[in-house]
Asker: 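Shown below is the structure under consideration.
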Amino acid sequence: MKIAYLLECYDVVFRQTMTSSISKETIFEVLKPLENSSFRVFEIEIQNDNVEKSIKLNKTIHSSHPEIQPLELKSILHFEEYLDYIPKLKAIIKFTGKTIYIAKHINNSNIFYVCEKCDINEIPARERNLLYTNEVLKNGNLTIKRAIKEKVFKCRSNVKIQHFIQKTQQALECQLHQLIKVIAPKNKKELYDYSSNYNKIDSYKCQFYHLEKLLIFLESEYAEYLDDKLMVPYRTILKDEVELTEKMQWVRNSLLSMVMDKELLQLLFDPIIKLNNLHLKDKISYYQYNYAKNYVLQLANCLATYSSDFTQLDWCNWLMMMRVNTFQCFDFITAQLKKEFLNCVSEIEKLDLLFEYLKIYNQFKTTQVASYQENLPDIQFQIYTWLEEEIEFLSRKKELTQLIENRTELISNNNKIHFDFSVSQLACIVDLMMKAGIIKNTNRKEVLQIIAEVVKTDMTESISVDSLRSKCYNIETSTSEAVAKKIELMLELAKG
């Protein structure tokens, strides 16, 4: 079989079903090999009444019907417990006189099967159409599986295998979506329930059933190569539904019985709700499904082990271990950490605690591979970054506070430089020093600001920057002469 036409048999059967173009000869040609194993199967249920046991006929289908699982057929003489029901069976079943066999239900002791031999030509035409579809696709699946294995065997690298498996997976998903649109079921269960009319919808359901079996084959054989963004088969979900429903119910009851913060309760329930509220129209990817399933099992194990001994911070660590990386989870964890920081009596103690948590979360280890939200950063990275920013903020705040305190101390009146200048003379000498290049700063306003903060005169304890700037631009002659005398005095002192 050419790989390019891997699902050709499904395309052919789909067109045949849609156009009702299957010839009688084609059907008999496909079903003829089943002649020796052709039986009418009657499902009998034993009902335990108060006085005596009675039986009820649940349904009648053919042994090649998609619903029928392989049965171990034996003569009724092998089942002494059913001999007493022979008269009752004759009353509810119109036997044709052909060979009869009995088969037990695998799991239910109150159900058994009565199988009567029948010829293919005795099967109603509509029912034959469904049996034809089932047989063609059952044989087709064997061929497809063999073709897939051959192709994978010939691939020379894992990259090529992954490309081929994901391409096949996407083709199967497209076919499944097409069939869901045609079947238009109200719920998941309706996809697998066949009617007694044997109409076209039953044939489409049969096609859906075999396509899902192919997808489940890929799951079991090539799980590591699957595209985890594509949808999980409904049959896989239904297969896990019983176990998961019991676990989810137990987890729900356990959580609701605990005294817990409402926000934390919502966080713990969030991944469970996604799995619990899964409806037919909801598409859940392998990534989401595998995460949610593992989450339920891990949470159940945690509750069974630790019960009510967990503190709020313990739950924060557990959520991080499960890599629940929603923004709500981030807000909750940071809120708990902030409560811890409020107990610190000083910023130094708070910084020490921040560094301690930074170390803890930097070295935090988890066996959980996948995050809850694949499109958001990992929760460990979110918390670690937040702690770093808090540390940076507090460190900068501490530095600035220290700088302001030092500056305030420096510019206090007792520490100012006392000049024997008026404000006008001070402005003049600063102007001269900047023009002479003695003061290298080019920003005059900045220089005047510093001078105003660190200098006082006989007349003024606190110099106004605006006053100093205005006098610097309007220097009077008398001021220049007074400054010149001061400079001359300094020159004489310099000469000795």
Side-chain angles (χ1 to χ4, degrees), residues 1 3-19 65-67 129-130 132-149 151-152 162-195 199-241 244 274-275 277-293:
M1 175 182 283
I3 297 302
Y5 300 99
L6 199 61
L7 302 178
E8 185 179 5
C9 63
Y10 283 92
D11 291 337
V12 171
V13 170
F14 184 81
R15 287 195 300 269
Q16 287 175 338
T17 305
M18 184 172 284
T19 59
H65 193 283
E67 279 187 342
N129 288 346
L130 177 61
Y132 163 82
T133 300
N134 185 51
E135 193 63 21
V136 167
L137 297 182
K138 185 169 71 173
N139 295 331
N141 274 9
L142 293 173
T143 308
I144 292 169
K145 288 176 184 178
R146 187 164 56 249
I148 290 172
K149 287 182 177 180
K151 175 65 177 178
V152 169
Q162 185 178 39
H163 175 74
F164 168 67
I165 293 298
Q166 292 188 2
K167 184 179 176 183
T168 306
Q169 183 188 0
Q170 288 169 357
L172 288 169
E173 185 175 356
C174 288
Q175 292 270 13
L176 286 167
H177 278 303
Q178 184 183 32
L179 287 167
I180 287 174
K181 286 181 181 179
V182 177
I183 298 168
K186 295 177 182 177
N187 52 56
K188 293 194 291 287
K189 189 174 180 296
E190 198 175 312
L191 277 169
Y192 308 102
D193 289 341
Y194 294 87
S195 70
N199 52 29
K200 286 185 178 182
I201 297 298
D202 291 317
S203 181
Y204 292 133
K205 287 179 180 178
C206 182
Q207 294 169 46
F208 185 89
Y209 165 76
H210 285 288
L211 276 169
E212 278 207 324
K213 289 192 78 172
L214 272 182
L215 203 49
I216 290 169
F217 163 75
L218 290 183
E219 275 184 15
S220 60
E221 297 290 331
Y222 308 105
E224 66 271 28
Y225 301 111
L226 292 176
D227 184 349
D228 61 9
K229 294 179 178 62
L230 296 183
M231 66 175 282
V232 178
Y234 292 116
R235 189 167 292 274
T236 298
I237 297 171
L238 289 172
K239 185 178 68 176
D240 296 334
E241 200 167 39
L244 285 176
K274 179 173 283 191
L275 199 60
N277 294 343
L278 192 62
H279 300 294
L280 184 69
K281 293 182 180 178
D282 297 326
K283 179 181 176 181
I284 186 166
S285 67
Y286 281 97
Y287 184 97
Q288 295 168 326
Y289 182 71
N290 290 332
Y291 179 89
K293 189 169 72 169

Asker: Can you tell me which residue among H210, E67, H65 is in a side-chain hydrogen bond (donor to acceptor under 3.5 Å, both in side chains) with N134?
Answerer: H210
Asker: Is any side-chain heavy atom of N141 closer than 4.5 Å to one of K213?
Answerer: yes
Asker: Measure the shortest side-chain to side-chain distance between Y209 and L179 over non-hydrogen atoms and say whether it is less than 4.5 angstrom.
Answerer: no
Asker: When you compare the side chain of F217 with that of E212, does any pair of heavy atoms fall below 4.5 Å?
Answerer: no
Asker: Find the distance between CD1 (I144) and CD (E8) and round it off to the nearest 0.5 Å.
Answerer: 10.0 Å
Asker: When you compare the side chain of Y286 with that of E219, does any pair of heavy atoms fall below 4.5 Å?
Answerer: yes
Asker: Is S203 reaching over with its side chain to a backbone N or O of N199, donor-acceptor style, under 3.5 angstrom?
Answerer: no
Asker: About how many Å separate CD of E224 and CD of Q162, when rounded to the nearest 0.5 Å?
Answerer: 9.5 Å
Asker: Do I165 and D227 have side-chain heavy atoms sitting under 4.5 Å apart?
Answerer: no
Asker: Measuring only between side-chain heavy atoms, which start at C-beta, is K149 closer than 4.5 Å to Y222?
Answerer: yes
Asker: Spell out, as yes or no, whether a donor-acceptor pair under 3.5 Å connects the side chain of K145 to the backbone of L214.
Answerer: no
Asker: Of all heavy-atom pairs between C9 and G140, which one has the smallest distance, and what is that distance?
Answerer: SG-CA, 4.2 Å
Asker: Tell me yes or no: between the side chains of D11 and Q175, is some donor less than 3.5 Å from an acceptor?
Answerer: yes
Asker: Just so I know, are the side chains of F164 and Y225 near enough to count as touching, which here means a heavy-atom distance under 4.5 Å?
Answerer: no
Asker: Would you check if L6 and I148 make a side-chain contact, meaning some heavy-atom pair closer than 4.5 Å?
Answerer: yes
Asker: With distance as the sole test, does K200 use its side chain to make a donor-acceptor pair with the main-chain N or O of M18 at under 3.5 Å?
Answerer: yes
